Structure formats: structure tokens, C-alpha cells
K.L.:
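Dropping a structure here in C-alpha cells format, bear with me for questions.
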Amino acid sequence: MAVELLDRNLLFVTGKGGVGKTTVAAGLALLAAQNGRRVLLCESDAKGSVAQAFEVSPLEFAEREVSPGLWAMAMSTEESLREYLRLQLRLPLVARLGPLARTFDFVANAAPGVKEILVVGKLCWEVRSGAWDLVVVDAPATGHIVGQLGAPEAMRQLVNVGTVRDQTDWMLEILGDPQQTGVVVVATPEEMPVNETIELADRLREQTNVDLAAVVVNRVLPELFGRGEEEVFRRLQQPEVADVLADAAGGDVQPMLDGADLAVRLRRTRAGHLNALRHGIGDGPELLYIPELFKRSDGVRATRQIATALGAELGY
């Protein structure tokens, strides 16, 4: 039986750059918190966008509450390594090891996948700890998420026995359980984001064991006119009628008519991309729609609007 999106424990939110994945991740986390979940929101790229979404000071590795029921943190692979050494290897003085950063950079660069396993390991650890009902990750963009999700399996193939092997086993159990973990891909109804989303859906199925839980289509333009209204609008575009309308309005109405015409054509073009997306991702994942908000900047107001739109789609 399909599990509700917000009833999972770990959601990775990804998408092509510029489609609004951080805003959607923040909106999902806020919606979950508003509905009684204890939520951790993790920013993986430390760009400060999550802090901007809640209009708070820059985030750090240690989580802090940014909204009732919602805590947020910024991922740091070095801090994650320190925490791992302290918790797993019982090294209480590791924080005083000055050369750790240099050593870590050397190891990470010499062994690809180390940084990814530290990120995924930290997130799975938070889920396993039971401290949170839901962990939402503002994950890397579509070009990097498969490598990150595949890191535990790659590490497992390298290590046959011991603590690290045991840890990759429980990471894979969490990641591979669709009752617990899912990927949410954010797209906009445009050619490149749609193509990347379809390609990512295929790669997730073929190269990982993580469930594609949902695709969120952001910035969907509303239908401007019904059929009868559009017939009236087309008549208004006739020059002789537009002149009469301009006289009645007391000014040039052509920019308004051109703008409305552009909105109609964009809506129809994007409808074709939406159809391609529905066909391309198949029947499995939920398809959720967020309308164009026509906002000037991101912030708490926009995050709340996204949460409300997602809530309407998910039945909250």
C-alpha cells in the first residue's frame, strides 16, 4: 500500500537548478510541522537559501528551531566526520585535533564517495535516532543526487566486514524502505526541467534502491480564460474593437492585451510539457502542482504559500 508522503521519515528534495527545490523543501517541512510532525530540515549545499526561506540568520551544523515544530541545520561533511568519530569510535578529544580538516580533505579527495557517505550517514543517523518524525533534505541538484544516494552501496561493496560494513547495511535498509524514504523531484513545466526529471526518474529506478515518492511541478500558470471568455478576448484583440476599448478605458490597452495573449500561449505550451512529464515518469510517483505565485522574492510568506499549496494537493 502506498504510504502518504509526509508519513515517511526521510525525504530528499532535488531538481534542476532554478526550479525552486529549496522553497519546496522548506514548504514540505513547514507543512509537516504544521500538522504535528517534529521535523528536521537539512540544507546540503550551505548556500543559505533555507535560512532565507524562514528569514533567520545563517544555519549551522547544530540544528535550531526556526518555526514551531521545525528545526533546521546546514550540512558540513567535516562536522559530520567529527560527530561520527565522537559517537561511533568514542574519541572525545577529536574536536581538538587541529589537522583533522587537512587529513579529511586528503582522504576525501583520494577516495571518491567519502563526502557523500558522511552526508547520507548523518541523515540516516538522524532518522535512526528516532528524534524526528520526518527529516527533509534540501538535496543536491539532479546531476548529483544519484551519486549521493548510491554512496552507501558503493562503500558496502568495498568493505566486507566490520563496523563500517554494519553501518552501510542499516543505511541501505533505511534508504531502500519506501515506507521510510523517498525522493521528491521538483520541476517546472518547461522543456529542460521536464527532460531532466524524466531522466532522473529512470536513473533512480536503475541505479538506486530509493523510491521516487513524488514529482512537484512548480510555477504552473492558471488557465486565464474559459472557452467562452477566450472568444470574447479574441474579439477584443481586433484593432477596431481595441480602439473602442481604449477610448472607454481612457488609455492604451494594447500592453494589457499582449500580456494576456502571452499568458494564454505560455499556458498552452507548458500544458504540452506537463503531458510529456506525466507520460515520462509513469504511474508510480504522485504528481503535485504548485501554482505560479508571482512573488518578487523568497521568504516566510512565500514558504507559507508553498506549504498551503502542497497541503491542498496532499489533502491537508
Side-chain angles (χ1 to χ4, degrees), residues 13-34 41 43 47-56 66-67 70 136 138 141-142 184-197 214-230 232-234 236-237 242 245-246 249 251-278 286-316:
V13 182
T14 183
K16 177 179 169 55
V19 299
K21 74 176 177 63
T22 299
T23 310
V24 171
L28 271 175
L30 181 60
L31 175 64
Q34 289 172 337
L41 173 60
E43 182 178 61
K47 290 183 178 177
S49 301
V50 169
Q52 185 179 354
F54 291 96
E55 299 179 16
V56 297
V66 295
S67 184
L70 171 56
V136 178
D138 178 21
T142 49
V184 176
V185 184
V186 182
T188 51
E190 300 169 286
E191 183 175 2
M192 287 298 294
V194 164
N195 289 342
E196 281 200 17
T197 299
V215 173
V216 176
V217 187
N218 195 15
R219 301 173 191 154
V220 177
L221 289 172
E223 189 67 77
L224 201 56
F225 301 123
R227 180 175 298 178
E229 292 169 330
E230 185 165 351
V232 173
F233 174 67
R234 295 304 175 197
L236 289 176
Q237 287 181 298
L245 184 61
D252 186 10
V253 296
Q254 197 57 48
M256 181 187 67
L257 294 173
D258 291 344
D261 186 61
L262 176 62
V264 170
R265 285 189 282 113
L266 281 175
R267 175 70 172 78
R268 290 184 177 166
T269 300
R270 293 184 174 191
H273 296 313
L274 283 175
N275 288 334
L277 180 62
R278 289 191 202 96
E286 289 186 89
L287 200 54
L288 310 173
Y289 301 95
I290 296 177
E292 176 64 71
L293 297 180
F294 301 104
K295 57 186 173 61
R296 293 182 178 178
S297 61
D298 294 326
V300 173
R301 183 170 182 269
T303 303
R304 288 174 179 160
Q305 288 177 309
I306 295 288
T308 300
L310 287 167
E313 287 288 281
L314 292 168
Y316 287 92

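Keep in mind the model is a prediction, meaning the values are calculated, not measured. Just so you know, residue 1 is the first one in the sequence shown, and it goes up from there. Atom set for the values below is all heavy atoms of this structure, side chains included, hydrogens, waters and symmetry mates excluded.
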K.L.:
Side chains of Leu274 and Arg278: closer than 4.5 Å at any heavy-atom pair?
P.N.:
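With C-beta onward as the side chain, the pair touches.
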K.L.:
Check the pair Asp138 / Val13 against side-chain contact (heavy atoms from CB on, under 4.5 Å), numbers first and verdict last.
P.N.:
CA-CA 5 Å; Asp138 178 21; Val13 182; 5.5 Å; no
K.L.:
Looking at every heavy atom in both Asp261 and Arg234, which two are closest together, and how far apart are they?
P.N.:
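Between these two residues, the closest heavy atoms are OD1-NH1, 2.7 Å.
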K.L.:
Would you check, one step at a time, whether the test side-chain contact (heavy atoms from CB on, under 4.5 Å) holds for Leu30 with Ile306?
P.N.:
CA-CA 9 Å; Leu30 181 60; Ile306 295 288; over 6 Å; no
K.L.:
Under 3.5 Å, side chain of Glu313 to main-chain N/O of Leu288, donor-acceptor pair present?
P.N.:
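Checking the backbone N and O of Leu288 against the side chain of Glu313, no donor-acceptor pair under 3.5 Å is found.
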K.L.:
Is the CZ atom of Arg301 crowded by more than 12 outside heavy atoms at less than 6.0 Å?
P.N.:
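Check fails, neighbour count at 12 or below.
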K.L.:
Check whether any side-chain heavy atom of Leu221 lies under 4.5 Å from a side-chain heavy atom of Phe294, and answer yes or no.
P.N.:
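In contact.
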K.L.:
Has the side chain of Glu196 got a donor or acceptor atom that lies under 3.5 Å from a matching backbone atom of Gly15?
P.N.:
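Looks like no, no N/O pair under 3.5 Å.
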K.L.:
Between Val220 and Arg270, is any pair of side-chain heavy atoms under 4.5 Å apart?
P.N.:
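They are not in contact (no side-chain heavy atoms under 4.5 Å apart), so the answer is no.
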K.L.:
Where is the tightest heavy-atom contact between Ala29 and Leu70, given as atom of each residue plus distance?
P.N.:
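It is CB-CD1, 3.8 Å.
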K.L.:
Run the side-chain contact (heavy atoms from CB on, under 4.5 Å) check on Tyr316 and Leu310 step by step: do they pass?
P.N.:
CA-CA 8 Å; Tyr316 287 92; Leu310 287 167; over 6 Å; no
K.L.:
Between Leu236 and Leu257, which heavy-atom pair has the shortest distance, and what is it?
P.N.:
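Closest pair (atom of Leu236, atom of Leu257, distance): O-CD1, 3.8 Å.
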K.L.:
Hey, could you give me the OG1/NZ distance between Thr22 and Lys47, rounded to the nearest 0.5 Å?
P.N.:
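These two atoms lie 8.0 Å from each other.
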K.L.:
For the pair Asn218 (side chain) and Val19 (backbone), establish whether a donor and an acceptor sit closer than 3.5 Å, ignoring hydrogens and angles.
P.N.:
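Here the side-chain-to-backbone pair exists.
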K.L.:
Compare every heavy atom of Ile290 with every heavy atom of Ala309, then report the nearest pair and how far apart it is.
P.N.:
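Here Ala309 and Ile290 meet closest at CB-CG2, 4.2 Å.
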K.L.:
Are any non-hydrogen side-chain atoms of Thr23 and Val186 less than 4.5 angstrom apart?
P.N.:
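No, their side chains stay 4.5 Å or more apart.
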K.L.:
Heavy atoms only: give me the nearest Glu55-Val300 pair and the separation to one decimal.
P.N.:
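Closest approach of Glu55 to Val300, heavy atoms only: OE2-N, 3.1 Å.
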K.L.:
How far apart are the closest heavy atoms of Glu190 and His273, and which atoms are they?
P.N.:
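The answer is CA-CD2, 3.7 Å.
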K.L.:
Using side-chain heavy atoms (C-beta onward) and a distance below 4.5 Å, is Thr14 in contact with Val185?
P.N.:
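The answer is yes, as the side chains (C-beta and beyond) meet within the 4.5 Å cut-off.
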K.L.:
Evaluate the side-chain proximity of Glu286 to Leu314: yes if any heavy-atom separation is below 4.5 Å, no if none is.
P.N.:
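They are in contact (side-chain heavy atoms under 4.5 Å apart), so the answer is yes.
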K.L.:
Do the side chains of Thr303 and Asp298 get nearer than 4.5 Å, heavy atoms only?
P.N.:
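No; the side chains remain at least 4.5 Å from each other.
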K.L.:
Would you call Leu287 and Val217 a side-chain contact if the rule is heavy atoms closer than 4.5 Å?
P.N.:
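Heavy-atom side-chain distance check passes, below 4.5 Å.
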K.L.:
Let me confirm one number: the CD-OG1 distance from Gln34 to Thr308, rounded to the nearest 0.5 Å.
P.N.:
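Rounded to the nearest 0.5 Å, the CD-OG1 separation comes out at 6.5 Å.
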